[in-house]
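Below is one structure, written out as structure tokens; comments come after it.
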Amino acid sequence: MMSETKNRMINIYKQLLKKHKPQGWWPLLNCKGTNPTKTGSIKGYHTKDYSYPHNEQEKFEIIIGAILTQNTAWPNVEKALLNLKKLKAINPKKLLKLTDKKLKEAIKPAGYFNQKANYLKNITELFIKLKGKTPTREELLKIKGVGNETADSILLYAYKQPEFVVDAYTKRLLKLEDKKYEEVKELFEKNLPKKYELYQEYHALIVEEGKRKVNKVIKKQTLKR
DNA sequence: AACCAGGACGTGA
DNA sequence: TCACGTCATGGT
């Protein structure tokens, strides 16, 4: 029998999907897909194709993108990624070889460049150590610069693991701002089929919904009360 | 011209 | 544990 909560979680997904259509996350530089309905960047998306990443380089690109996008709008992350690509540094060994000065200069558009330069080198060292193996959540969380959301983003989008990603939008949308990260994560994971494709799409849809200004108006009203 | 983005970390209470 | 301050660029 289907619980009320499960119904609700699926229904929210269906509504978001109907409203925004498949999002085609995680965006990749070498992927020519576009999504004109999307806010912000319109490049790098691969709608209804959950087969990415196709190789280690794309996997690595998603991982460094996950660091760079922390509290940062995606178009700024794209600029940083393009700079790194120009330096041929979307490659673990080459990225580590960059001087801090060059690395910081390249990722500057994404903000917090002093911290993120360190974070990038930290996660890159782990990536090399893994030799293609999938990291555990705990392994990722040990890395300075990788918190709950980044760890889950890496697992879900780079490694296709069914780990639900919770962000600020997720809590706002469900009005769960007072709940802890792990609690919200479990709400989704315990009430949805453990399919990485579904988790990828669901999170991307929540972000798209959250970006719309309509929500922000509602948010401000509900918070003021 | 404020405000905020696809957070994480360090600190003091 | 928890509430804050900090980090930084660029778009709206």
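Order of the sequence lines fixes the chain letters, A, B, ..., with proteins taken first and strands second; residue numbering starts at 1 for each chain.
With salt bridges taken as basic N to acidic carboxylate O contacts below 4.0 Å, none links A:Glu201 and A:Lys48. A salt bridge links A:Lys59 with A:Glu56: the distance from a Lys NZ or Arg NE/NH1/NH2 to an Asp or Glu carboxylate oxygen falls below 4.0 Å. A salt bridge does not link A:Glu138 to A:Lys142: none of the charged nitrogens lies less than 4.0 Å from a carboxylate oxygen.
Distance CZ (A:Arg212) to C1' (C:dT12): 15 Å, rounded to an integer number of Å. One interatomic measurement links the two molecules: CD of A:Glu183 to P of C:dT1, which rounds to 12 Å at whole-angstrom precision. Separating the CG atom of A:Asn76 from the P atom of C:dT9 is a distance of 11 Å, rounded to the nearest angstrom. Across the protein-nucleic acid pair, A:Glu201 atom CD and B:dG6 atom C1' stand 15 Å apart, rounded to whole Å. Look at CG on A:Leu68: it is 13 Å from P on C:dG10, rounded to the nearest Å. The NZ-P distance, from A:Lys179 to C:dC2, rounds to 12 Å in whole Å. Distance CG (A:Leu103) to P (C:dA8): 13 Å, rounded to an integer number of Å. For A:Asp178 and C:dA3, the CG to P distance is 11 Å, given to the nearest whole Å.
Counting only residues at least two apart or in different chains, ring-ring contact (aromatic ring centres under 6.0 Å, His included) contacts with residues 134-160 of chain A comprise A:Trp25-A:Tyr157, A:Trp26-A:Tyr157.
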How does protein contact run along nucleotides 7-13 of chain B, one letter per nucleotide 5' to 3', with B for base contact, S for sugar-phosphate only, - for none, heavy atoms under 4.0 Å? BSSS---
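Hydrophobic cluster membership is shared by A:Leu173 and A:Val165, with clusters built from Ile, Leu, Val, Met, Phe, Trp and Tyr side chains linked at under 4.5 angstrom.
In this structure, A:Phe113 does not pack face-to-face on the six-membered ring of C:dA8, missing the 5.5 Å centre cutoff or the 30° plane limit.
Using P as the reference atom, C:dA8 and B:dT11 are 16 Å apart when rounded to the nearest Å. Taking the P atoms as reference points, C:dG5 lies 15 Å from B:dC4, given to the whole Å.
The residue among A:Lys79 and A:Lys116 whose nearest nucleotide of DNA chain C lies closer to the 5′ end is A:Lys116.
Of the residues listed (A:Lys19, A:Arg172, A:Lys21, A:Lys18), the one engaging A:Glu209 in a salt bridge (charged side-chain N to carboxylate O under 4.0 Å, His left out) is A:Lys19, and it is the only one.
Judged by the 6.0 Å distance and 45° axis criteria, A:Lys104 is not positioned over the aromatic ring of A:Phe113.
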